[in-house]
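Working notes, structure below.
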There are 4 protein chains.
Amino acid sequence: MARPAGTKGSDTAERVRRAALSLFARHGYAAVSMRQIAAEVGVQPGALYNHFPTKQDLLKDLLVNHMRALIAAWQAQAVAGEAPDAALERFTRFHIRYHLERTEEVFISYMELRNLEPENFDAVERLRRAYEDVLTAILEAGAAAGLFEVRQPRVTTRALIAMLTGVGTWYRPGGPLSKAEIEDIYLTLVTRSVTAGPTPPGGTD
Amino acid sequence: MARPAGTKGSDTAERVRRAALSLFARHGYAAVSMRQIAAEVGVQPGALYNHFPTKQDLLKDLLVNHMRALIAAWQAQAVAGEAPDAALERFTRFHIRYHLERTEEVFISYMELRNLEPENFDAVERLRRAYEDVLTAILEAGAAAGLFEVRQPRVTTRALIAMLTGVGTWYRPGGPLSKAEIEDIYLTLVTRSVTAGPTPPGGTD
Amino acid sequence: MARPAGTKGSDTAERVRRAALSLFARHGYAAVSMRQIAAEVGVQPGALYNHFPTKQDLLKDLLVNHMRALIAAWQAQAVAGEAPDAALERFTRFHIRYHLERTEEVFISYMELRNLEPENFDAVERLRRAYEDVLTAILEAGAAAGLFEVRQPRVTTRALIAMLTGVGTWYRPGGPLSKAEIEDIYLTLVTRSVTAGPTPPGGTD
Amino acid sequence: MARPAGTKGSDTAERVRRAALSLFARHGYAAVSMRQIAAEVGVQPGALYNHFPTKQDLLKDLLVNHMRALIAAWQAQAVAGEAPDAALERFTRFHIRYHLERTEEVFISYMELRNLEPENFDAVERLRRAYEDVLTAILEAGAAAGLFEVRQPRVTTRALIAMLTGVGTWYRPGGPLSKAEIEDIYLTLVTRSVTAGPTPPGGTD
DNA sequence: TATGAATGAGGATTCATTCAT
DNA sequence: CATGAATGAATCCTCATTCAT
């Protein structure tokens, strides 16, 4: 597992990525200048262009790599052939844990989509869709197995992911709840919401 | 003489508000220039400053007024003394309906918070908190009445509001689902998630 | 001596003059905006244009009126046929006293000349020249009478007026010296400087 | 290899200084725009900011450097231990000569003080005070030696410096008087004014 | 790779002035 | 006379980007 020879070199690109990530998360892509990023890295603005051809490429790099890493992390956790209810728990816990550990990446992934040029936007959307497919598949498998009751798997997927991802907007380390407690609370919400239960009072159709 | 009092001619401020709302929603506060807003209104940039002293004040005006209008709209719908389950349905349907009708206000209210200067941020946060209190109170009343099972009303409030508000990020008029169907689907998710049901596999550990 | 009928009305013009005088003196003509002047007067910017057609006219009004008032004040003090040495003292004391009482007018009269458009500049310069003529005449009369020794009356006039006027740049009421003491000190400097005395070491070479 | 150390190519900063000096002297700091300066230098406005962080810094640079150069120039001329009357002549001639050669720097040094922000103003005032100290020391030494009669050395210093510096406000090369003649005239005025002579008629009363 | 200086465009805001009311 | 809203131009300064060194 030794680092491949030749990877020794300048880690400037990585330091640029980290500075940009942090600044974009705090102030937003449009509000952050290349000068600010350069200052954070400790380099002159021109030097950034040795590593990323444009500011837009820097944003795309961050968003695409985040989605790729997210998907790869899930794949490392997923257990093939697992029962849908166990898979839903695994996914829920994974999603919360991962999103609480990468709040900056998560934040800009949801906030800066509109600042991507169309081509880059599409690339990220394809990856996002691939990630959503994971949950949709679990929901559909659970419904097929009679474990879950899900009317619109795609809609439900988005509703649940919005709910789970939302945790990052208010969670702060050191708050009254541990990450484990948060996981449990959200898991309960998720599980119940896809399990046949009391029909809501007004329920139309 | 039928002119309503206070409507003294120039509605430029209102047109500025609308142009800014639409542009901020599409491109983000930081990415929109006062020039662009002025052009949309059909006025010279300097004229904007007769109505809003700074760009920041324009943003604050939009966010504060949105939150005030949201709260006022709920108060016009709320039924005092209603049973918690009926109130939950009323709130859920109201929230979705309102948020599907004001997608731009909703969007910037969640996206541009970080672009508010601290004082303005606090003002908006107080209003947001007041709105969340509505749902928290319903959940607590329902739990007290034995209708709901809610472990952390504050956390659950945020989780549900994130889920419900998220609808605006993907809903597009003319899509396969009507607003009424969407209301029903989300209502089911919400209701189940706060109703005692099957314990999730992993339990509370 | 009753005020002529019809002069009762709005003193806005006078309040504008005073606000402009004070602001120009403190910050300079170019650095003061019509808005600032209007704010000081307690009026909207547009209202200024009912009294002065342009900002430039306001400056010209202040400078021209200052020079006219200065000359008129001297004429009220001057004693026809007075001996040159007594006249020099009278002039010196008058100049210092007047300039210590109108520091703002004096200041802008020397500072803002270059901000006058050519026509207005010429008008002020003619008045300034008329005032300088007073001292020049005294010096020339004194030289003719053998009381003074003055090589270049015009140059000397300017040197002495620069010296005397300079008092306003450092005098502050409440300082260690009274106005009377200052008058005396400067009078001594002036008198000696035009009186035949010890030849300076380096002579005329 | 003959390039003097430190002369690494771009002398833009110096050209900016010179353009700003000339423009400030002619029109006043507040009335000159960075665009005008840039145009005079032959560069885009933004380029100025590679050399001076703000317009204010440019002004401060000019005033501080002028005062430093003035003091250094005097120090290069001063003769330690010289008799006070000779020193007064040396100082007077030096001051006039220097001020006639640097009319622009002198002019803005007296005109633009009020446009300095407090911190910068204080820095310049300290230097000005240091320069005044030179003349004050000469006057005091001369008074102690019985050569001069000076009532208030500090006040007299300011009066004489105002007189001497004022020469720049009317002197134009090519006029009827040579610089040497002007030096002589002013030297006579200065010398007499600090030398015991005829008491002015009105005395001290 | 990195620097420092430059460009050309555009940022928010302010300006003197005008004018209908 | 005064207001309030508007104009059109200008303000200082910052931007992403380029490029010779």
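Chain naming here is simple, since letters A, B, ... match the order of the sequence lines and numbering starts at 1 in each.
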Next on the checklist: OP1 or OP2 of E/dA6 versus the side-chain N and O atoms of D/His51: is any pair under 4.0 Å?
Outcome noted: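 Yes, such a contact exists.
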Next on the checklist: So, OP1 or OP2 of F/dC1: does either fall under 4.0 Å of a side-chain N or O from C/Thr12?
Outcome noted: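 The answer is no; no side-chain N or O of C/Thr12 sits under 4.0 Å from OP1 or OP2.
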Checklist entry - Which heavy-atom pair separates A/Thr54 from A/Met34 by the least distance, and what is that distance? => result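 A/Thr54 and A/Met34 have their closest heavy atoms at C-CE, 4.4 Å.
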Spacing of [X] atom [atom1] and [Y] atom [atom2] [to the nearest 0.5 Å]:
X       : Y        : atom1 : atom2 : value
D/Arg17 : D/Leu62  : CZ    : CG    : 7.5 Å
D/Leu70 : D/Asn65  : CG    : CG    : 12.0 Å
C/Leu23 : C/Glu104 : CG    : CD    : 9.0 Å

Checklist outcome for this item: Each nucleotide of nucleotides 9-14 of chain E classed B (base within 4.0 Å of a protein heavy atom), S (only sugar-phosphate) or -, in 5' to 3' order, makes --BBBB
Checklist outcome for this item: Applying the Watson-Crick and G-U criteria (both distances under 3.5 angstrom) with [ ] for crossing and | for other-strand pairs, one obtains for DNA chain F .||||||||||||||||||||
Going by atom type alone, with no hydrogens or angles, which donor-acceptor pairs under 3.5 Å involve a side-chain atom of residues 38-50 of chain D and a protein atom two or more places apart or on another chain?
none

Given atom [atom1] of [X] and atom [atom2] of [N], what is their separation to the nearest angstrom?
X       : N      : atom1 : atom2 : value
B/Arg15 : F/dA5  : CZ    : C1'   : 12 Å
D/Leu48 : E/dG8  : CG    : C1'   : 14 Å
A/Phe52 : F/dA16 : CZ    : C1'   : 16 Å
D/Leu58 : F/dC13 : CG    : P     : 10 Å
A/Ile37 : F/dC15 : CD1   : P     : 11 Å

Checklist entry - Backbone N or O of A/Gln56 within a donor-acceptor pair of the A/Tyr29 side chain at under 3.5 Å? => result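 Yes; at least one donor-acceptor contact below 3.5 Å.
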Next on the checklist: Test your reading of the model: is there a side-chain donor-acceptor pair from A/Glu105 to the backbone of A/Met67, 3.5 Å cut-off?
Outcome noted: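 Not confirmed, A/Glu105 side chain does not pair with A/Met67 backbone.
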Checklist entry - Cationic tip of B/Arg26 within the cone over B/Phe107's six-membered ring, i.e. under 6.0 Å and within 45° of the normal? => result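 Cation-pi check for B/Arg26 and B/Phe107: fails.
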Checklist entry - Given F/dA5, F/dA2, E/dA6, which nucleotide is nearest the side-chain atoms of C/Asn50? => result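 My answer, after comparing the listed nucleotides, is F/dA2.
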Checklist entry - So does C/Glu112 pair up with C/Lys55, basic N to acidic O under 4.0 Å? => result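 So C/Glu112 does not pair with C/Lys55 through a salt bridge.
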